[in-house]
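Notes follow once the structure below has been shown.
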2 protein chains.
Amino acid sequence: MQAPPISVNDIICTIRDSGHRVTNGKRAVADILHNSSAHLTVEELVLAVRKIEPDINQSTIYRILEEFEELGLVVHSHLGASAAVYHLAGQSHAHLVCDRCGSTQEVPASRFDLIARELLEEFSFTLDRHHVALSGLCAHCRENVEKK
Amino acid sequence: MQAPPISVNDIICTIRDSGHRVTNGKRAVADILHNSSAHLTVEELVLAVRKIEPDINQSTIYRILEEFEELGLVVHSHLGASAAVYHLAGQSHAHLVCDRCGSTQEVPASRFDLIARELLEEFSFTLDRHHVALSGLCAHCRENVEKK
DNA sequence: TTGCCTGCAAATCCTTTGCACTTTT
DNA sequence: AAAAGTGCAAAGGATTTGCAGGCAA
């Protein structure tokens with residue numbers, strides 16, 4: 001059920017095949033996302049990309065990410081914090097976000113196969129398992145709450 | 001598993017008990033949220049509250065909602081659209097948000113009891129079932145995608 | 001009276017957009 | 001050369017904040 005890992009080359013080919021153009025900026029974004037298992041904010045992405053392409057502009061990053069999302073290469077989530085985070089679609093996982101401390105854990109997307117099937121059958125809703133973000137309390141914050 | 005319904009009076013008492021003050025603005029916000037099963041944006045809430053308290057300011061609404069959330073009376077979700085939506089915690093349900101058309105369906109929170117238990121056991125994560133928002137495709141948009 | 005609450009306006013943060021210029025194809 | 005991509009700056013929307021005055025306790 002897990003999508004196969006996507007190489008930087010796969011990304012480049014997908015861009016070209018879709019009729020879009022391959023630029024240094026896109027190569028750099030693909031590179032960063034591929035070499036980072038984390039979920040990055042646009043700001044973090046900009047800083048990272050500038051180590052490769054120093055003159056890249058933030059709005060260009062936004063536009064590249066928009067294109068990558070349309071191509072299904074990238075997904076983003078709102079993890080409670082204000083800014084959205086992005087990562088490659090191949091690294092398919094859900095986020096568990098702690099309401100208190102903001103920490104996040106990742107859960108394999110396959111864990112949502114069952115509920116995805118239920119939602120499809122009962123609500124005709126096709127869950128995007130690349131894009132699940134669940135709120136709650138992490139173990140640590142849970143303890144602190146209970147001590148009160 | 002469903003939280004008991006919260007009356008406007010319960011809300012007022014919770015505010016007072018917590019040491020916060022009860023104001024007309026808070027009463028109005030409690031009233032609107034209680035009488036609306038929908039999930040409201042701050043803007044919608046402002047318009048609704050102004051029918052009761054014409055001079056209320058938007059930033060006051062934000063501050064009231066912040067307080068209500070801290071007290072556990074209210075929860076908000078980011079339903080993909082830009083603005084967050086708020087509703088009473090007692091009206092416990094998850095949102096299914098269509099990525100294409102933005103439509104939302106509600107699902108009883110109890111549907112997430114099983115996965116909540118799994119997440120707790122395997123990841124020590126306490127899911128907040130009041131705050132689940134899942135992305136995907138609604139039946140209608142699903143059809144359109146397949147026709148392509 | 002005390003100090004929490006509010007209105008107002010300005011600030012901030014994240015994201016989008018218009019336009020002229022530069023690349024990719 | 002044509003079209004897509006980019007930098008820059010400005011606009012946009014959502015949310016937060018500082019401060020002076022107003023109101024609940």
Side-chain angles (χ1 to χ4, degrees), chain A residues 11-32 39-50 52-71 73-86 102 133, chain B residues 9 11-30 32 39-47 49-50 52-71 73-86 99 102 133:
Chain A
I11 298 176
I12 303 299
C13 291
T14 303
I15 297 170
R16 211 187 309 272
D17 291 352
S18 71
H20 288 104
R21 291 174 184 180
V22 176
T23 66
N24 292 335
K26 293 181 190 178
R27 261 188 285 261
V29 170
D31 217 51
I32 301 296
H39 24 276
L40 301 172
T41 64
V42 170
E43 191 184 0
E44 290 163 343
L45 209 36
V46 168
L47 292 177
V49 170
R50 284 199 176 138
I52 307 175
E53 284 293 314
D55 291 333
I56 199 139
N57 191 278
Q58 210 175 29
S59 51
T60 302
I61 302 282
Y62 274 103
R63 285 189 272 229
I64 290 173
L65 288 171
E66 190 183 7
E67 180 184 315
F68 281 15
E69 283 210 81
E70 278 169 15
L71 295 176
L73 296 168
V74 158
V75 291
H76 82 275
S77 332
H78 289 278
L79 299 184
S82 35
V85 293
Y86 294 76
Chain B
N9 245 327
I11 298 176
I12 303 300
C13 291
T14 303
I15 296 170
R16 212 188 305 275
D17 291 351
S18 71
H20 290 104
R21 292 178 183 175
V22 177
T23 66
N24 292 336
K26 293 181 191 179
R27 260 187 285 262
V29 170
I32 301 296
H39 23 273
L40 301 172
T41 64
V42 170
E43 191 183 359
E44 290 163 344
L45 209 37
V46 168
L47 292 177
V49 170
R50 284 199 176 137
I52 308 176
E53 285 292 313
D55 291 333
I56 198 141
N57 192 277
Q58 210 176 29
S59 50
T60 302
I61 302 283
Y62 273 104
R63 285 189 271 228
I64 290 174
L65 288 171
E66 190 184 7
E67 179 185 314
F68 282 14
E69 283 210 79
E70 278 169 14
L71 295 176
L73 296 168
V74 158
V75 291
H76 81 274
S77 332
H78 288 278
L79 298 185
S82 36
V85 294
Y86 294 77
D99 284 337

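Treat the numbers as computed from the prediction; the structure is a model and nothing was measured. Excluded from the calculations below are hydrogen atoms, water molecules and symmetry mates; all remaining heavy atoms, backbone and side chain alike, are included. Proteins get letters first, then strands, A, B, ... in listed order; numbering begins at 1 in each.
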Protein-to-nucleotide contact annotation, 5' to 3' order, nucleotides 17-25 of chain C [B base; S sugar-phosphate only; - none; under 4.0 Å, heavy atom]: BB-----BS

Measure [atom1]/[X] against [atom2]/[N] and give the value in whole Å, please.
X       : N      : atom1 : atom2 : result
B:Glu67 : D:dA24 : CD    : P     : 15 Å
B:His76 : D:dA14 : NE2   : C1'   : 12 Å
A:Leu65 : C:dC14 : CG    : P     : 15 Å
A:Ile12 : D:dG5  : CD1   : P     : 13 Å
B:Leu71 : C:dC5  : CG    : P     : 10 Å
B:Ile61 : C:dC8  : CD1   : P     : 13 Å
A:Ile56 : D:dC8  : CD1   : P     : 11 Å
B:Asp55 : D:dG22 : CG    : C1'   : 13 Å

What I'd like to find out is whether the side chain of [X] reaches to under 4.5 Å of the side chain of [Y], using heavy atoms alone.
X       : Y       : value
A:Ile12 : A:Arg16 : yes
B:Ile15 : B:Lys26 : yes
B:Leu65 : B:Leu45 : yes

Which residue lies more 5' along DNA chain D, comparing B:Val42 with A:Ile64 via nearest heavy atoms: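 Here A:Ile64 is the residue nearer the 5' end.
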
Shortest non-hydrogen separation from B:Val49 to B:Ala28 and the atoms involved: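 The pair with the smallest heavy-atom distance is CG1-CB, 3.8 Å.
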
Smallest separation among heavy atoms of B:Gln58 and B:Arg50, with atom names: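 Looking at all heavy atoms of both residues, the closest pair is N-NH2, 4.1 Å.
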
Intermediate values then yes/no, side-chain contact (heavy atoms from CB on, under 4.5 Å), A:Ile32 and A:Ile52: CA-CA 9 Å; A:Ile32 301 296; A:Ile52 307 175; 3.8 Å; yes

Sugar-phosphate only, base, or nothing, as touched by B:Gln58 at under 4.0 Å among non-hydrogen atoms: base

